[in-house]
There are 2 protein chains.
Amino acid sequence: MFSLAEENYLKAIFHLQQESKGGVSTNAIAEKMSTKPSSVTDMVQKLAEKKLLSYQKYKGTSLTSKGSKIAAGVIRKHRLWEVFLVDKLKFHWDEVHEIAEQLEHIQSDELVARLDRFLGEPDFDPHGDPIPDKNGNIKTTEKKLLSELDKKQRGVCVGVKETKSEFLQYLDKRNITIGTKIRVLGKEFFDGSMIIQVGRDQFFISKKIADNLYIQTS
Amino acid sequence: MFSLAEENYLKAIFHLQQESKGGVSTNAIAEKMSTKPSSVTDMVQKLAEKKLLSYQKYKGTSLTSKGSKIAAGVIRKHRLWEVFLVDKLKFHWDEVHEIAEQLEHIQSDELVARLDRFLGEPDFDPHGDPIPDKNGNIKTTEKKLLSELDKKQRGVCVGVKETKSEFLQYLDKRNITIGTKIRVLGKEFFDGSMIIQVGRDQFFISKKIADNLYIQTS
DNA sequence: AAATATATTTAGACTTGGCTAAAAATAGTA
DNA sequence: TACTATTTTTAGCCAAGTCTAAATATATTT
């Protein structure tokens, strides 16, 4: 139905929209896709003709509901495949992204439905991100960044914002994963760094780390 | 490493080589790939430059060992994914071909290794075709076409030559699947049609059917 | 408000993989 | 052997998606 390139653009724009609410700039898309702004302009015009997004020269773009639905479908497949790779094939959570980037483009509604059932209709992927349902609706959970917590607050790690291997491996070394309880013992206002407690261990983390961990405070 | 189009050409040539031993003609490739001979010439020249096949103008082509290995790798993935779809996702054996055509191009050696293990390192796909090992070696089994059997001979169905849905559904209606015992009760020499026994049932089949069923006579 | 900087678009080119139409080689037949 | 039919290749064109360089809008600064 849609080409690989088209699906990737829709997905990128969808993610950018989530992050920053409002129109998405050409440059932002180009950066996210590691491509040139001129290429983005071409593709965005093509997608606008197909009514997948609305676009005005120099004004940025935003997905139409049709475009959002397709993007959500791709993201649904991505996250379901990640669950498969981790739960069934025993991949580590830092190894699955690139493979899922390929698998997300496999076309077959029946496959997605059966995969979903096979996996037990999961709600979240291995990084804690919500899996859109078959209609493209995403369950938005109220979650905070660890960096937003104050001293003495506590919560449970429910997701990661960054999914790069280096970051996930850093978390592993410190035994932080989805479901881990974290308590803020101290917070430095100058640089946002923290001392946190994880299990019986206490250690220092930088703001950059705290900015990429989602926490649910109960 | 290799493009989708390149992999598909290598796979098609590999299959044609199996069937007819010797060089493969441009037209044969074009027919198998539903494309034009002129397109085949272009691609074959490109693949020859990459040392994946040997080619002489007007003389046909045959894969180099490098080309064979890549083709076998694609076929390995195709057949492993078919096992996954049937064994794990409970697809019917006539529904899996097109999806596997897509999945066979996913690039990740680690994925293939883990999938293989997850599936129990199967030797055959759901249609009875052997799955090449990680080095590209295919276990060749001594199997005959049902049409080659004579009256009163018997054997076990070990595979199908044709994998179109209509054919597989025809077999299902008659309760023929991999492992089914078949006995030839009668054979008409004029048109090659047969009367066969399957379980307690006896029925007539045309030569076209008998030409597409692989039998192992013990 | 003018000048400069940044963001975006346009124009033209390239690559991949496909096509059509015409030319050339091989095969088949009288 | 010569003529015809078939197969294969060449040449030129097209669409998708990308790029560079140049032009144009918008934003920011002074």
Side-chain angles (χ1 to χ4, degrees), chain A residues 1-14 16-17 19-63 67 70-71 74 101-102 104-105 107, chain B residues 1-14 16-17 19-63 67 70-71 74 101-102 104-105 107:
Chain A
M1 194 63 177
F2 297 97
S3 75
L4 203 139
E6 288 172 333
E7 288 193 348
N8 281 333
Y9 271 95
L10 292 173
K11 187 180 53 148
I13 296 167
F14 187 96
L16 288 168
Q17 251 175 200
E19 287 166 25
S20 57
K21 301 294 174 196
V24 176
S25 77
T26 301
N27 267 8
I29 300 169
E31 176 159 13
K32 175 146 267 191
M33 308 222 20
S34 302
T35 180
K36 301 293 168 185
S38 54
S39 307
V40 174
T41 300
D42 285 349
M43 180 58 88
V44 149
Q45 290 178 343
K46 188 175 140 192
L47 294 174
E49 275 174 32
K50 296 192 179 186
K51 310 284 185 203
L52 298 171
L53 49 78
S54 58
Y55 165 69
Q56 279 179 273
K57 274 190 192 176
Y58 300 103
K59 303 289 182 184
T61 66
S62 58
L63 297 180
I70 291 160
V74 174
E101 288 283 298
Q102 299 179 61
E104 73 189 5
H105 300 291
Q107 305 280 9
Chain B
M1 194 60 177
F2 297 97
S3 73
L4 202 140
E6 288 172 334
E7 288 193 348
N8 281 332
Y9 271 95
L10 293 173
K11 186 181 53 149
I13 296 167
F14 186 96
L16 288 167
Q17 251 174 200
E19 286 167 25
S20 59
K21 299 297 172 194
V24 176
S25 77
T26 302
N27 267 7
I29 300 169
E31 178 159 12
K32 174 146 271 192
M33 308 224 17
S34 304
T35 181
K36 302 292 166 183
S38 54
S39 306
V40 173
T41 300
D42 285 349
M43 180 57 89
V44 148
Q45 290 178 342
K46 188 176 143 192
L47 294 173
E49 273 173 33
K50 295 193 179 184
K51 309 286 185 203
L52 298 171
L53 49 79
S54 58
Y55 164 70
Q56 279 179 273
K57 272 189 193 178
Y58 299 104
K59 303 289 183 186
T61 67
S62 58
L63 297 180
I70 290 159
V74 174
E101 287 283 300
Q102 299 179 62
E104 73 190 5
H105 300 291
Q107 305 280 9

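Order of the sequence lines fixes the chain letters, A, B, ..., with proteins taken first and strands second; residue numbering starts at 1 for each chain. Worth saying up front: this structure is predicted, and the values here are computed from it rather than measured.
Less than 4.0 Å separates DNA chain D from at least one heavy atom of each of the following residues of residues 34-41 of chain A: A:T35, A:K36, A:S38, A:S39.
Between B:N8 atom CG and C:dT16 atom C1' the separation is 14 Å, expressed in whole Å. Atoms CZ (B:F2) and C1' (C:dT16) sit 16 Å apart, rounded to a whole Å. In this structure, CE of B:M43 is placed 16 Å from P of D:dT10, rounded to the nearest angstrom. The separation between B:L4 atom CG and C:dG18 atom P is 10 Å, rounded to whole Å. Spacing between atom CD of A:Q56 and atom P of D:dA25 amounts to 15 Å, rounded to whole angstrom units. The CD-C1' distance, from A:E7 to D:dA16, rounds to 15 Å in whole Å. Atom pair B:D42:CG and C:dA21:P shows a separation of 17 Å (rounding to whole Å applied). When rounded to the nearest whole Å, the span between CD of B:Q45 and P of C:dG18 equals 14 Å.
Contacts of A:K32 classified as side chain to side chain donor-acceptor pair (under 3.5 Å), with partners at least two apart in sequence or in another chain: A:E19.
Between B:K36 and B:A30, the shortest heavy-atom contact is C-CB, 3.9 Å. Nearest heavy-atom pair across A:N27 and A:P37 is OD1-CG, 3.3 Å.
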Just the atom pairs and distances: protein N or O near nucleotides 23-26 of chain C's N or O, under 3.5 Å.
unit_1, atom_1, unit_2, atom_2, d
C:dA25, O4', B:Y58, OH, 3.4

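For the pair B:F2 and B:L52, the minimum side-chain heavy-atom distance is below 4.5 Å.
The side chain of B:N27 sits closest to D:dT7 out of C:dG18, D:dT7, D:dT18.
For the pair A:Y55 and C:dT8, the criterion of a side-chain N or O lying under 4.0 Å from OP1 or OP2 is not met.
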